[in-house]
Amino acid sequence: MAIFRSSYSLRLMVEEARKLTEHTSVRERIDSVLRIMGGSFGGTYGKGRPLVDALENVAQESLLCEDFALAQRFQRFAGYAGGKLYLDTLENYYDEGARQRSEEFMRRMAAMGAERAVAVLDALCAENPDASAADASALFRGIVRSTEHLSIGGGEGGVQLTAKHLKRLQEYGHMELVLRNLPRPASAEAARMMSDVLAEVDAGALAQLIELRARRVGLASLRDAVDNPASSEGALHSCLKNQEWIFGGAYVAELARRQYTPDTILDIPLLRGDGSLHVVELKRANVKKLIVRRSGHLMLGAPAHHAVSQTQNYLRTLDESRQAVLARHDIDTRRASATVVIGHSQYVSEGITPHEVAETLRTYNSHMARIEVITYETLLESAERMLTLSQEEQESGPIEEPTA
């Protein structure tokens, strides 16, 4: 059962976001959100599917106005209203005071941990002046193992954590990920030097490095899912969520809304630069009959033909609903294009090689107008090449204009 949320904090964040745009169409949709929420401090705020849809409409309109930051903001608002994000997550993004409090909490926790570590080392050295680094490592490993046995004791019927405590555990998990990736200087002097270097880092270059690392992590997750023969379409979809860059530079964003007609729910709807729709249909990677051999010739098997036929029906429905979708969502679905991602050469049977898989798909696609069929292997290789080029550009720096 869906869990819908709303709050005074969300209303304040929506009102603040309204100040960030000069586009009349975006403001009109934000006003629709505020009308649905209604209420005042301490009151009850409108929520449910209408609120989620209204927030997604703001995100869609922001995309069309090329305000991608605002679109992402309202996609997160919709995620909170739809029960997918905690309010704490939104506040850390868009509430400066809340973010500072969270950072202060993590700083205090890190400082407390370091302080206790020093106390433990002092005790070790007092008991054993000749203790080595190996002894210290063994001691800390023992402490870590012992914490796994700590508990709050038994209770009648067991102990159930509240939502508040679950969120706190989630914060600890986030902090652990951050600390795990921190550099580990060998001395206080090295730590000071690192702090000085970070203070001088160009913010734009740092943002690009972070984005590149995030993309590599996302690509690695997708590769792991593809290499797992048991991965479902849902698992693959999760790895590709909000990763529109993987499909190439022609797409400016993944649309928040997946349903534009009553009987069509799209896997990944992408927005082209001209405001038109591109549909990505995902199927499993483990498809043994992706390519089959008949009378000495290679051709697509039944699973691929079924996927293409399904996608053709999507495009036909979108063509027929063009006027209604354009009027309601400002998305042009007439003559939309599509990509079907299915299979991987490692799972293809009958001894068919990766080269033969690629050649067969290339021949098939050359006779298609609006639908392209690719494998996860092709998708991964293309994305890896894009990341490599981006990293090389990042490392080489900006190209200087020749002087006359």
Side-chain angles (χ1 to χ4, degrees), residues 211-251 254 258 265-270 278-312 314 337-368 370-392:
E211 176 66 17
L212 282 174
R213 174 159 187 175
R215 289 184 175 186
R216 286 213 170 274
V217 170
L219 195 60
S221 298
L222 176 61
R223 186 176 288 106
D224 289 341
V226 169
D227 289 339
N228 181 0
S231 290
S232 63
E233 292 175 17
L236 295 165
H237 189 186
S238 298
C239 294
L240 286 166
K241 184 67 176 173
N242 295 321
Q243 300 276 3
E244 66 276 357
W245 68 271
I246 288 180
F247 298 97
Y251 312 108
E254 178 180 344
R258 295 175 58 198
I265 299 179
L266 308 177
D267 284 346
I268 300 180
L270 299 177
H278 183 85
V279 177
V280 177
E281 177 66 20
L282 300 177
K283 297 300 179 185
R284 291 173 62 97
N286 185 2
V287 179
K288 294 187 178 357
K289 298 294 184 180
L290 175 66
I291 305 295
V292 296
R293 197 183 302 273
R294 294 288 184 271
S295 302
H297 297 285
L298 295 175
M299 61 186 69
L300 267 65
H305 284 296
H306 290 165
V308 171
S309 295
Q310 180 183 355
T311 306
Q312 287 172 337
Y314 287 165
S337 55
T339 299
V340 176
V341 188
I342 181 172
H344 190 290
S345 65
Q346 66 181 319
Y347 299 118
V348 176
S349 58
E350 300 185 29
I352 298 173
T353 67
H355 177 73
E356 288 175 322
V357 171
E359 285 291 328
T360 304
L361 284 175
R362 188 176 299 116
T363 301
Y364 179 85
N365 288 324
S366 68
H367 294 83
M368 300 290 285
R370 300 171 61 187
I371 301 175
E372 180 184 22
V373 182
I374 65 173
T375 63
Y376 285 95
E377 183 176 19
T378 299
L379 186 66
L380 287 167
E381 290 176 352
S382 175
E384 184 63 44
R385 283 194 295 270
M386 283 192 291
L387 280 184
T388 300
L389 288 173
S390 297
Q391 185 170 346
E392 290 175 352

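Bear in mind that the values here come from a model prediction, so they are computed numbers and not experimental data.
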Please identify each residue that fulfils salt bridge (Lys or Arg N to Asp or Glu O under 4.0 Å) with [X], with sequence neighbours left out.
X	result
Lys241	Glu254
Glu281	Lys283
Glu381	none
Glu233	none

Answer yes or no: is there a side-chain heavy-atom contact under 4.5 Å between Leu379 and Leu240?
yes
Is the shortest side-chain heavy-atom distance between Tyr376 and Leu282 below 4.5 Å?
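In short, these two side chains touch, coming nearer than 4.5 Å.
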Would you list the atom pairs, donor with acceptor, under 3.5 Å between side chains in residues 339-347 and any protein atom, with sequence neighbours excluded?
from	atom 1	to	atom 2	distance (Å)
Thr339	OG1	His278	NE2	2.8
His344	ND1	Gln346	N	3.0
Ser345	OG	Glu377	OE1	2.6
Ser345	OG	Glu377	OE2	3.2
Gln346	NE2	Asp227	OD1	3.1
Tyr347	OH	Val226	O	2.7
Tyr347	OH	Asp227	O	3.2

For [X] against [Y], the heavy-atom pair lying closest together:
X	Y	answer
Ala225	Cys239	CB-SG, 3.9 Å
Tyr314	Ile265	OH-O, 3.9 Å
Pro229	Asn286	O-ND2, 3.2 Å

Would Val308 and Met368 satisfy side chain to side chain contact (heavy atoms under 4.5 Å, CB included), going step by step from the backbone distance to the final call?
CA-CA 10 Å; Val308 171; Met368 300 290 285; 3.9 Å; yes
Gap between atom [atom2] of [Y] and atom [atom1] of [X] - 0.5 Å precision:
X	Y	atom1	atom2	value
Ser382	Leu387	OG	CG	10.0 Å
Ile246	Leu380	CD1	CG	7.5 Å
His305	Leu300	NE2	CG	5.0 Å

Only one of Thr378, Thr375, Leu298 clears side-chain contact (heavy atoms from CB on, under 4.5 Å) with Val357; which?
Thr375
What residues, two or more places apart in sequence or in another chain, satisfy side-chain hydrogen bond (donor to acceptor under 3.5 Å, both in side chains) together with Arg216?
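Partners of Arg216 under the side-chain hydrogen bond (donor to acceptor under 3.5 Å, both in side chains) test: Glu384, Gln391.
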By side-chain hydrogen bond (donor to acceptor under 3.5 Å, both in side chains) - contacts of Thr360 (at least two apart)
none
Could you list the residues that satisfy side-chain contact (heavy atoms from CB on, under 4.5 Å) with [X], not counting sequence neighbours?
X	result
Met299	Val292, Arg294
Ser232	Ala235, Arg284
Asp224	none
Ser295	none

With a cut-off of 6.0 Å (strictly less than), are more than 12 heavy atoms of other residues, nucleotides or ligands near NE2 of His237?
yes
Pair Ile371-Tyr364, side chain to side chain contact (heavy atoms under 4.5 Å, CB included): steps then yes or no:
CA-CA 10 Å; Ile371 301 175; Tyr364 179 85; over 6 Å; no
Would the distance check show the side chain of Ser366 and the main-chain N or O of Thr363 forming a donor-acceptor pair, the cut-off being under 3.5 Å?
yes
Strictly by salt bridge (Lys or Arg N to Asp or Glu O under 4.0 Å), give each pair with a member in residues 340-360 just once, sequence neighbours left out.
Lys289-Glu350, Arg293-Glu356, Glu359-Arg362
Stepwise side chain to side chain contact (heavy atoms under 4.5 Å, CB included) test for Val373 and Leu361
CA-CA 7 Å; Val373 182; Leu361 284 175; 3.8 Å; yes
